[in-house]
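Count residues from 1 along the sequence.
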Amino acid sequence: MASLVAFHTQMLFCSRRDGRWNARSRGVFMASAHGSSVPTKVGTQNSPSAPRDFHIQVTHSLPPKKIEIFKSLEGWAESNILVHLKPVEKCWQPQDFLPDPSSEGFYDEVRELRERSKEIPDDHLVCLVGDMVTEEALPTYQTMLNTLDGVRDETGASTTPWASWTRAWTAEENRHGDLLNKYLYLSGRVDMKQIEKTIQYLIGSGMDPGTENNPYLGFIYTSFQERATFISHGNTARFAKQHGDLKLAQICGIIASDEKRHETAYTKIVEKLFEIDPEDTVLGFADMMRKKISMPAHLMYDGRDENLFEHFSAVAQRLGVYTAKDYADILEFLVNRWKIADLTGLSSEGNKAQDFVCTLASRIRRLEERAQAKAKQAPTMPFSWIFDRKVQL
């Protein structure tokens with residue numbers, strides 16, 4: 001899954017009022033809030049997890065009657081979602097793109113890899129490492145999917161189509177971090193120990209996407225995320241090619257193609273929800289966009305920089321690897337893909353949600369234009385991932 005979205009978009013999407021999440025009258029996503037109403041910073045130098053802001057977390061906001069919708073869709077999911085997985089024997093594996101350690105020419109291949117990687121600028125390395133760290137936190141993402149009521153893997157080896165999808169999706173995604181990690185390790189361009197610490201911190205910290213154990217929200221989130229990852233890896237492939245590392249471009253491109261296939265599956269799920277339950281699906285879409293789509297690695301930490309994710313995102317924004325414009329484009333794509341403007345028969349609240357998501361992209365673009373003017377005065381920042389070399393934010 002992707003990381004990134006420049007921190008300057010965040011203020012648009014906060015939906016909490018007086019310390020509580022906005023409630024909706026129809027009740028599908030209604031829930032009581034758990035925890036303190038005052039955000040607090042937790043985590044210390046001796047803590048196993050990163051310092052983070054803890055906010056109110058809403059859980060189990062899906063009423064039991066709505067869970068039945070997902071049980072009734074199991075046959076549909078088997079026919080329409082599992083087809084987007086590939087058999088293991090037909091999947092690429094990381095070793096297909098790496099020097100063969102059993103061959104006589106292994107050391108020569110490694111030297112060639114290291115020579116190619118010398119042309120990758122430090123700021124692009126920061127983006128590549130950030131994407132790799134995000135992919136390596138995969139255990140967190142499987143955990144998140146298995147919090148969703150009605151579609152979770154109840155036993156760890158459940159045979160339901162929803163559980164089968166989650167495990168197989170995880171298995172396919174697992175190759176992404178493996179490949180990028182090994183490539184960066186062999187390049188010699190990055191501080192692997194600092195990267196490994198970042199990965200451990202991130203997995204230990206988890207993620208807080210605001211999906212409330214609710215598959216409506218969860219599948220909207222993953223639809224957005226998979227497209228974001230497709231864009232980010234695709235742009236990284238393009239930049240790698242520009243700097244002469246054609247093998248890295250091929251690697252990022254093949255990862256992007258996986259993300260595109262996974263995006264297709266998740267967007268089909270939400271499309272089906274719009275077909276059978278348009279009112280509550282559009283309310284869920286608006287809810288996620290008001291809260292903003294928190295990227296999976298938003299709790300990223302390396303033991304030093306408590307604002308590491310914001311700094312990483314700023315570099316990606318400046319380079320065009322993943323930007324606020326991309327965020328707006330994804331939103332607009334999903335609005336068109338799910339035909340939000342064509343929905344009819346909604347309640348007054350549903351109509352308000354419809355209007356909100358249909359006009360939000362243009363608001364984000366205006367914010368992005370203002371941010372671009374400020375970005376020209378951005379400072380430089382050392383990144384531990386690249387031996388504390390400084391990069392412009």
Quick one, Ile269 and Lys272 - any side-chain contact, counting heavy atoms below 4.5 Å?
no
With a 4.0 Å cut-off, would you call Arg261 and Glu172 a salt bridge?
yes
If we only count heavy atoms from C-beta on, is the Pro99 to Tyr183 side-chain gap below 4.5 Å?
no
Measuring from Thr140:OG1 to Ile203:CD1, what's the distance to the nearest 0.5 Å?
5.5 Å
Do Leu246 and Ile120 share a hydrophobic cluster, counting only Ile, Leu, Val, Met, Phe, Trp and Tyr and linking them when any side-chain heavy atoms are less than 4.5 Å apart?
no
For the side chain of Glu226 and the backbone of Lys260, is there at least one donor-acceptor N/O pair under 3.5 Å apart?
no
In Å and rounded to the nearest 0.5 Å, what is the OH to CE distance from Tyr327 to Met289?
3.5 Å
Approximate separation, where rounding is to 0.5 Å, of Glu332 CD and Ser362 OG:
8.5 Å
Do the side chains of Trp76 and Val151 join up, straight or via other hydrophobic residues, at under 4.5 Å, putting them in one cluster?
yes
Less than 4.0 angstrom from a charged side-chain N to a carboxylate O is my criterion; do Lys352 and Asp355 meet it?
no
Check whether Gln57 reaches the backbone of Gly210 with its side chain - one donor and one acceptor, N or O, closer than 3.5 Å.
no
Report yes if some heavy atom in the side chain of Met300 is under 4.5 Å from a heavy atom in the side chain of Met295; otherwise report no.
no
From the options Arg227, Glu271, Glu263, select the one residue that forms a side chain to side chain contact (heavy atoms under 4.5 Å, CB included) with Arg337.
Glu271
Could Arg175 and Trp92 be counted as a cation-pi pair, given that NZ or CZ must be under 6.0 Å from the ring centre and within 45° of the axis?
yes
Side chain to side chain contact (heavy atoms under 4.5 Å, CB included) test vs Asn235 passes for just one of Thr323, Asp326, Leu319, namely Asp326
Flag side-chain contact, heavy atom, 4.5 Å: Leu180 against His233:
yes
Side-chain donor-acceptor pair under 3.5 Å between His298 and Glu310, yes or no?
no
Please examine the side chains of Asn351 and Glu279, heavy atoms only from C-beta on, and report whether any two atoms are closer than 4.5 Å.
no
Measure the acute angle between the ring planes of Phe219 and Phe70, then classify it against the limits of 30° and 60° as parallel, tilted or perpendicular.
tilted
Below 4.0 angstrom, N of the basic side chain to O of the carboxylate: do Asp258 and Lys86 qualify?
no
Smallest separation among heavy atoms of Ile340 and Gln354, with atom names:
O-NE2, 2.7 Å
Going through the checks in order, is the side chain to side chain contact (heavy atoms under 4.5 Å, CB included) test met by Phe333 and Trp338?
CA-CA 9 Å; Phe333 171 84; Trp338 295 328; over 6 Å; no
Applying a strict under-4.5 Å side-chain criterion to I, L, V, M, F, W and Y, I'd like to know whether Ile69 and Ile67 cluster together.
yes
Flag the pair Leu85 / Trp165 as yes when at least one side-chain heavy-atom distance between them is below 4.5 Å, and no otherwise.
yes
What are the two closest heavy atoms between Arg304 and Ser384, and how far apart are they?
NH1-CB, 3.6 Å
Any side-chain to backbone donor/acceptor pair from Arg116 onto Asp245? Under 3.5 Å, distance only.
no
Tell me whether Phe387 shares a hydrophobic cluster with Leu184, the cluster being built from Ile, Leu, Val, Met, Phe, Trp, Tyr side chains joined at under 4.5 Å.
no
I'd like to know if the side chain of Arg152 reaches the main chain of Met144, judged simply by a donor and an acceptor atom lying under 3.5 Å from each other, with no hydrogens or angles considered.
no
Looking only at heavy atoms, which two atoms of Phe309 and Ala297 are closest? And how far apart?
CD1-O, 3.3 Å
If you take all heavy atoms of Gly350 and Val282, which pair is closest and at what distance?
O-CG1, 4.0 Å
Testing Thr267, Ile293, Val270, Thr229 for side chain to side chain contact (heavy atoms under 4.5 Å, CB included) with Phe224, which one passes?
Ile293
Any donor-acceptor pair under 3.5 Å from Arg318 side chain to Ala378 backbone:
no
Can you find a pair of side-chain heavy atoms, one from Ile386 and one from Asp191, that are under 4.5 Å apart?
no
Determine whether Asp131 and Phe312 make a side-chain contact, defined as any pair of heavy atoms from C-beta on separated by less than 4.5 Å.
yes
Give a yes or no on whether the backbone of Leu273 and the side-chain of Thr281 come within a donor-acceptor separation of less than 3.5 Å.
yes
For Ser257 and Ile254, which heavy atoms make the closest approach, and how far apart are they?
OG-O, 2.6 Å
Find the distance between CD (Glu115) and CD (Glu112) and round it off to the nearest 0.5 Å.
9.5 Å
Picking from Leu331, Leu217, Asp280, what satisfies side chain to side chain contact (heavy atoms under 4.5 Å, CB included) with Phe285?
Leu331
Once rounded to the nearest 0.5 Å, what's the spacing between atom CG of Leu128 and atom OG of Ser187?
8.5 Å
Sidechain-backbone polar pair: Thr211 side chain, Asn214 backbone, donor-acceptor under 3.5 Å
no
Should Gln392 and Asp123 be marked as a side chain to side chain contact (heavy atoms under 4.5 Å, CB included) after you check the CA-CA gap, both sets of side-chain angles, and the distance that decides it?
CA-CA 8 Å; Gln392 183 183 354; Asp123 46 8; over 6 Å; no
Under 4.0 Å between a side-chain nitrogen and a carboxylate oxygen: does that hold for Lys325 and Asp329?
yes
Between Glu119 and His124, do the side chains contain a donor N or O and an acceptor N or O under 3.5 Å apart?
no
For Gly130 and Trp385 the tightest heavy-atom approach is N-CZ3, 3.7 Å
Counting only N and O atoms by type, is there a donor-acceptor contact under 3.5 Å from the side chain of Asp302 to the main-chain atoms of Thr198?
no
Pair Tyr216, Asp277: side-chain N/O donor-acceptor within cut-off below 3.5 Å:
yes
Looking at Phe106, I'd like to know if its CZ atom is crowded, meaning that more than 12 non-hydrogen atoms belonging to other residues, nucleotides or ligands lie closer than 6.0 Å.
yes
Tell me whether Trp162 is reachable from Val83 by hopping between hydrophobic residues (I, L, V, M, F, W, Y) whose side-chain heavy atoms are closer than 4.5 Å.
no
Is the backbone of Pro161 close enough, under 3.5 Å, to the side chain of Ser164 for a donor and an acceptor to pair up by distance?
no
Pair Asn213, Ser61: side-chain N/O donor-acceptor within cut-off below 3.5 Å:
no
How about OH on Tyr185, more than 12 heavy atoms from neighbouring residues, nucleotides or ligands closer than 6.0 Å, or not?
no
Side chain Asn181, main chain Gly177, donor-acceptor under 3.5 Å
no
Establish, from distance only, whether the side-chain atoms of Thr166 and Gln142 form a donor-acceptor pair under 3.5 Å.
no
Stepwise side chain to side chain contact (heavy atoms under 4.5 Å, CB included) test for His84 and Lys268:
CA-CA 11 Å; His84 293 289; Lys268 282 175 69 173; 3.1 Å; yes
When you check the side-chain N and O atoms of His60 and Glu212, is any donor under 3.5 Å from an acceptor?
no
State the OG1-CG distance between Thr59 and Asp149, to the nearest 0.5 angstrom.
9.0 Å
Testing the 3.5 Å rule here: is there a donor-acceptor pair between the side chains of His176 and Glu136?
no
Under 3.5 Å, is there a donor-acceptor pair linking the side chains of Lys197 and Gln194?
yes
